[in-house]
Amino acid sequence: MSSSWTPDESSETLLAEKGWLQGAVVSAVAYGIDVALYFMCFHLLFRQMNRMNYKKHLPLLIYITTTFILSTLFMAALADFTQLAFIQYRNYPGGPNAFENEMFGIPVDTLGNVSGFLTMMLSDGLVVWRCMVIYRGCAVPMWIIMLFPGLMFTASFAVGIMFLLQVTSNSPYFSSTNINYTVPYLSLSLALNIIISIVIVLRLLTYRHRISKVLGSSYGTQYTSIAAMIVESAALYSAFSVAFLTLFLLNNPISAVFIQSFTQVQIIAMLLIVFRVAQGKGWSQDTMSRVMTSRPSVQAIRMGDLRYGLQDSSKTFTGSDGFGVHGTYKSSGRDSAEALAAV
């Protein structure tokens with residue numbers, strides 16, 4: 001193709017515009033996944049809801065519906081703003097990249113910023129709540145565990161408010177200050193998710209070790225498997241955040257691909273958590289006790305490991321540890337049950 005068709009812009013500007021446009025496409029793909037997950041979660045929660053559990057399911061239904069509406073508003077604003085920059089006002093001085101940097105205060109972009117901020121706060125709140133649920137019953141007091149995440153969440157909310165005021169207000173304070181609240185706002189939210197992901201994985205690994213030690217590795221896998229840890233800890237969003245921070249610190253324009261998709265990827269991670277909770281696979285405050293009491297009876301566990309003769313009343317029990325216990329019992333059902341329980 002002829003190079004004369006290329007806009008008269010620097011290679012850096014063109015790369016930034018490519019990153020922005022590709023980020024909008026990736027965000028649209030992620031939004032499609034959001035739509036599918038939302039209806040799966042809604043169907044599962046609504047089908048299970050009754051008079052006994054509506055207090056548990058109704059808040060989740062309201063939560064996922066609210067975040068889905070916000071993500072839809074964000075996607076609509078992103079699509080419209082991209083159309084304005086690349087089509088309607090494509091001759092704006094400096095090109096679409098300049099339009100994005102200088103026209104962030106117009107109503108459609110304000111809608112996207114507000115929707116993205118509220119979605120991020122709701123998603124951050126969910127992972128903080130999951131951390132509280134998973135650490136409930138820990139020997140360390142809950143307030144000590146949640147003090148740092150709680151402070152980070154509060155700081156992220158406060159700086160996020162300043163970010164919104166900066167991008168939507170014409171106040172002399174924000175126009176005269178050199179502080180860019182975008183960076184600390186995103187950094188606090190990303191750091192919060194990364195830290196909580198780590199502490200949740202550590203807690204689930206601890207549970208996995210305890211359950212395996214007592215019952216064997218086959219028990220409780222739906223709560224402590226690798227897939228469960230990835231979902232429960234919102235590791236998808238944390239990995240996405242690390243990739244963005246790396247590119248952003250390197251001043252790579254491709255970081256625009258990640259920042260455009262943040263909201264939708266965060267909602268995917270959130271909906272995966274809700275879906276596990278709706279399936280009954282999410283960790284709850286009584287999961288540990290249910291797993292520990294869900295193993296089969298001693299008779300069922302030991303039946304495969306027992307060698308005994310039914311022809312007489314003499315039985316030899318050989319456990320999985322290799323030790324044999326020989327004894328003579330009556331062949332009645334009650335006495336046999338007592339013998340099995342004693343193994």
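Every value quoted in this text rests on a predicted model; they were computed, and no experiment measured them.
Judged by distance alone, the side chain of Ser156 and the main-chain N or O of Met152 form no donor-acceptor pair under 3.5 Å. Ser71 contributes a side-chain N or O that, together with a main-chain N or O of Phe68, makes up a donor-acceptor pair within less than 3.5 Å. A donor-acceptor distance shorter than 3.5 angstrom exists from the side chain of Ser255 to the backbone of Asn252, with no hydrogens or angles considered. Side-chain N or O atoms of Tyr92 include none that pairs as donor or acceptor with a backbone N or O of Phe86 at under 3.5 Å. Between the side chain of Asn113 and the backbone N or O of Asp109 there is at least one donor-acceptor pair closer than 3.5 Å. Under the 3.5 Å distance criterion, the side-chain polar atoms of Tyr63 are matched with a main-chain donor or acceptor of Leu122. With hydrogens and angles disregarded, a donor-acceptor distance shorter than 3.5 Å links the side chain of Thr65 to the backbone of Leu61. Counting only distance, with no hydrogens or angles, the side chain of Thr67 and the backbone of Ile64 share a donor-acceptor pair below 3.5 Å. Judged by distance alone, the side chain of Gln83 and the main-chain N or O of Gln88 form no donor-acceptor pair under 3.5 Å.
The 12-atom threshold is exceeded at CG of Asn50, counting heavy atoms of other residues, nucleotides or ligands nearer than 6.0 Å.
Below 30°, between 30° and 60°, or above 60°: for Tyr38 and Phe42 the angle between ring planes is between 30° and 60°, a tilted geometry. Ring-plane geometry between Phe258 and Phe240 is classed as tilted, the angle between the planes lying from 30 to 60 degrees on a 0 to 90 degree scale.
A distance below 6.0 Å separates the ring centres of Tyr185 and Phe163. Here Trp20 and Phe81 bring their ring centres to under 6.0 angstrom of each other.
Defined by atom type and a distance below 3.5 Å, a donor-acceptor pair is present between the side-chain atoms of Tyr31 and Thr72.
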